[in-house]
S.K.: 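Sharing a structure, written as structure tokens. Questions coming.
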Amino acid sequence: MKKYIVYIGILTIGILLGWLLFGGASNTNKKHDHSIEVEAKTMWTCSMHPQIMQPELGDCPICGMDLIPAEAGADGLSKDQFKLTENAMALANVQTSVLGELAGEQTLKLSGKIVENEDEAATQPVHFSGRVDKLYVKSLGEYVKRGQAIAKIYSAELIAAQQELLIAYKNKASQPELYEAVKKKFSNWMVKDTQVSEIERSGNIQTQFTIYSNISGVVTEIALSEGAHIMEGNALFKVANLNTVWANFDVYENQIAQVKKGQEIVVKTNAYPNKAFKTKVDFIEPILDSKTRTVKLRVVLSNKEGLLKPGMFVEGQLNALQDDAVLQVPASAVLWTGERSVVYLKVKGETPIFEMREVVLGNKTGASYEVLEGLEQGDEVVTNGTFTVDAAAQLQGKKSMMNKSGGEVMTGHEGHMGVEVTQSSETTRFDVSSDFRKQLQQVFDVYIQIKDALVKDDAKKAGEAAKQLRSGLEAVDMQLLTDSKAHGHWMVLEKALQTTSTGIAAASDIQEQRKHFKNLSLHLIDAVQRFGIDKKAYEQFCPMADNNKGAYWLSNEENILNPYFGEAMLTCGEVKLFIE
């Protein structure tokens, strides 16, 4: 019995030792492996530059800020997604809309012009050959009444006919048929009976005949002048009855299916902004103009009050026909690159996460485009602040309007700390005309006025200079950019510069102005680097600006004068880049 107890004890001790040696080691190894797995997954990024990913803790190579765990900064985002803070969205006034199927009718706006009603137009001809000695109707727009004297004509034909008339008049008793035939000739020439009777009474031959209008209306064309020789049937002038007028509208090829004869249409003109003229589509031309790719749509408008003048520009609004329910996206949501159409989609969830989406668009109806590909009902897209969101995507190295494939975007901020370089080799410099550079130089000069005002803590002058900057941007002729990529890039920047300068002009608080100035500077830095100006510029950086997030600005001098702190920290900052 004791022997079995010893065996059992030895077995128990063996099991215990085995567990301690192998089981414990196994758990230890598992624990160790787990820790290795966690360490392997930990990557470090910059809160200001999410494109930075490093396996070890350290400083951001761009701005010098402390890196944070990538999981905390990325929040599980895909490579094409990026996040904006609530403050950034509020500052840029970013707004979104949820797409839905809009069926039936959408407002279609057409541009057109008032013209005379050709169905009511008439021509005043001359009924015999001769020479115009006197013309009584000489002005366009003059109103002519039926029976009004309009011209005096010398006619050899009429002189011979008068001689024939006088002979026939003397012999009318014996030759009544001849007399009536001669009088009929004068009647065919539209000579009045009173004029014929006067010739018979006086016995004198008239060398000039006064002719009278057979029509009434407003003169729209004068075909002859005094001294002109005319043939029977020649037109003296044309008149129009303006009691009714036509409005001709251009309908583009992709809009033709949305209109039909008999549709109700509302016509408005700038001359009477509070007045609307309601009518129906009267005619749609069956032939497309191959040059303009349009057809003419015509309506008839009552004009008894004479309010509508031929030549007036008008706008027509009608309900566009839609055969089926279509998905529409607001035009304000769409960014154009010349080759692509893109929108920014807000990912569903509480956190404001966005990603770029390429779309294929159809017809434009009112302020919306038909979506053929790329979006679905229920998608939420950015409809206001789109350019700001696009700029954020560019800065974070994500897919954007000008960066189709995504990846790190070199903006010149990536130069080595404290090292001056002429220009980043990664920044594409567009080949533009000297005239465009001069116009951009003028924009830069006004920007410097804003910067100087912020340096002096002068919010009023900063706002005034921002207004000048907006005017300067409007004066920049983008038609000078013949390269499509340069043209498209400037369109994006110009809109962003307008938005940020408007923010500075509208803000009375200097701290609010400085927030907008930060974004204004980023966009202008990009413009100066890519298009060039006529003078040298310095890109400067303050790591303490914007609550230690850092901010860039441009200067025309190397010395640091900080616009984000003014007198409080006037010389805080450093030169990052020398641009020429």
S.K.: Are the side chain of D546 and the backbone of K549 linked by a donor-acceptor contact shorter than 3.5 Å?
M.R.: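 Checking the backbone N and O of K549 against the side chain of D546, no donor-acceptor pair under 3.5 Å is found.
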
S.K.: Does the side chain of Y447 come under 3.5 Å of the side chain of S521 through a donor N or O and an acceptor N or O?
M.R.: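 Yes - a donor-acceptor pair under 3.5 Å links their side chains.
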
S.K.: Please round to the nearest 0.5 Å and tell me the distance separating atom CD1 of I448 and atom OG of S555.
M.R.: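 Answer rounded to 0.5 Å: 5.5 Å.
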
S.K.: Determine, step by step, whether D289 and R293 satisfy the salt bridge (Lys or Arg N to Asp or Glu O under 4.0 Å) criterion, reporting the C-alpha distance in whole Å, the side-chain angles of both residues, the deciding distance to 0.1 Å, and the verdict.
M.R.: CA-CA 5 Å; D289 187 322; R293 309 306 300 175; over 6 Å; no

S.K.: Determine the minimum heavy-atom distance between L454 and P563, stating which atoms define it.
M.R.: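 Looking at all heavy atoms of both residues, the closest pair is CB-O, 3.5 Å.
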
S.K.: Decide whether E380 and T96 meet the rule of one side-chain donor and one side-chain acceptor closer than 3.5 Å.
M.R.: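 Present: a donor and an acceptor within the cut-off.
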
S.K.: Is the positively charged end of K536 above the ring of Y538, judged by distance under 6.0 angstrom from the centroid and angle within 45° of the axis?
M.R.: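 Ring-cation test returns no.
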
S.K.: For the CG atom on D509, are there more than 12 heavy atoms of other groups (residues, nucleotides or ligands in this structure) within a distance under 6.0 Å?
M.R.: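 It does: D509 CG has more than 12 such atoms within range.
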
S.K.: Report yes or no: does Q441 contribute a side-chain atom to a donor-acceptor pair with the main-chain N or O of G532 at less than 3.5 Å?
M.R.: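 No; zero donor-acceptor contacts below 3.5 Å.
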
S.K.: Between E474 and S471, is there a donor-acceptor pair closer than 3.5 Å when you use the side chain of the first and the backbone of the second?
M.R.: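 Not a single qualifying donor-acceptor pair exists.
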
S.K.: Output yes when K113 and D250 qualify as a salt bridge under the 4.0 Å nitrogen-oxygen rule, no when they do not.
M.R.: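 No.
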
S.K.: Are side-chain N/O atoms of Y344 and D390 paired as donor and acceptor at under 3.5 Å?
M.R.: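 Yes.
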
S.K.: Determine yes or no for a side-chain-to-main-chain donor-acceptor pair under 3.5 angstrom, with H487 supplying the side chain and M478 the backbone.
M.R.: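 Yes; judged by distance alone, with no hydrogens or angles, the pair exists.
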
S.K.: Flag yes if more than 12 heavy atoms outside F565 fall under 6.0 Å of its CZ atom; otherwise flag no.
M.R.: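 Atom CZ in F565 is packed in, count exceeds 12.
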
S.K.: Is it the case that the side chain of Q513 and the backbone of A507 share a donor-acceptor pair, with hydrogens and angles ignored and the cut-off at 3.5 Å?
M.R.: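 Yes, the answer is positive, given that a donor and an acceptor are paired below the 3.5 Å cut-off.
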
S.K.: Look at K456 together with D452 and state whether they make a salt bridge at an N to O cut-off of under 4.0 Å.
M.R.: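 No, this pair does not count.
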
S.K.: Short question: side chain of R470, backbone of S501 - any donor-acceptor pair under 3.5 Å?
M.R.: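 Absent.
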
S.K.: For the rings on F531 and F444, is their centre-to-centre separation under 6.0 Å?
M.R.: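 Between F531 and F444, the centre distance exceeds or equals 6.0 Å.
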
S.K.: Quick check on F313: does its CZ atom have over 12 non-hydrogen neighbours (other residues, nucleotides or ligands) under 6.0 Å away?
M.R.: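 Result for CZ/F313: open.
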
S.K.: Does the salt bridge (Lys or Arg N to Asp or Glu O under 4.0 Å) test come out yes or no for E574 and K576, once each step is laid out?
M.R.: CA-CA 6 Å; E574 60 183 325; K576 287 291 187 181; 3.4 Å; yes

S.K.: Would you mind reporting whether L497 and L524 have side-chain heavy atoms less than 4.5 Å apart?
M.R.: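 A side-chain contact exists here, since the closest heavy-atom pair is under 4.5 Å.
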
S.K.: Just by modelled atom types, is the E558 backbone N or O under 3.5 Å from a matching donor or acceptor in the Q540 side chain?
M.R.: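 At least one qualifying donor-acceptor pair exists.
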
S.K.: Do the side chain of S332 and the main chain of T383 share a donor and acceptor less than 3.5 angstrom apart?
M.R.: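 Such a contact is found between S332 side chain and T383 backbone.
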
S.K.: Ring centroid separation for F436 and W490, is it under 6.0 angstrom?
M.R.: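 F436 vs W490: aromatic centres under 6.0 Å.
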
S.K.: Should the heavy atoms of other residues, nucleotides or ligands under 6.0 Å from NZ of K296 be counted, would the total exceed 12?
M.R.: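 More than 12 within 6.0 Å, yes.
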
S.K.: Does E355 come within less than 4.0 Å of R357, counting only side-chain N to carboxylate O?
M.R.: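 A salt bridge is present here (some side-chain N lies under 4.0 Å from a carboxylate O).
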
S.K.: Is N547 atom CG crowded by more than 12 heavy atoms from other residues, nucleotides or ligands, each under 6.0 Å away?
M.R.: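 Result for CG/N547: open.
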
S.K.: So, the side chain of R298 versus the backbone of I284: is there a donor-acceptor pair under 3.5 Å, distance only?
M.R.: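 Answer holds: no.
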
S.K.: Under 3.5 Å, is there a donor-acceptor pair between the E539 and Q529 side chains?
M.R.: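 Distance-only check passes for E539 and Q529.
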
S.K.: Assess, by modelled atom type and distance only, whether the side chains of Q317 and E315 contain a donor and an acceptor separated by less than 3.5 Å.
M.R.: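 Checked: Q317/E315 side chains pair up, N/O donor to acceptor below 3.5 Å.
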
S.K.: Just wondering, more than 12 heavy atoms not from D431 lying within 6.0 Å of its CG?
M.R.: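 Open: at most 12 neighbouring heavy atoms sit under 6.0 Å from CG of D431.
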
S.K.: Give a yes or no answer on whether the side chain of D379 reaches the backbone of E376 with a donor-acceptor pair at less than 3.5 Å.
M.R.: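 Yes; at least one donor-acceptor contact below 3.5 Å.
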
S.K.: Counting only heavy atoms from other residues, nucleotides and ligands, does the tally under 6.0 Å from CE of M544 exceed 12?
M.R.: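 Counting neighbours around CE of M544, 12 or fewer heavy atoms of other residues, nucleotides or ligands fall under 6.0 Å, so no.
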
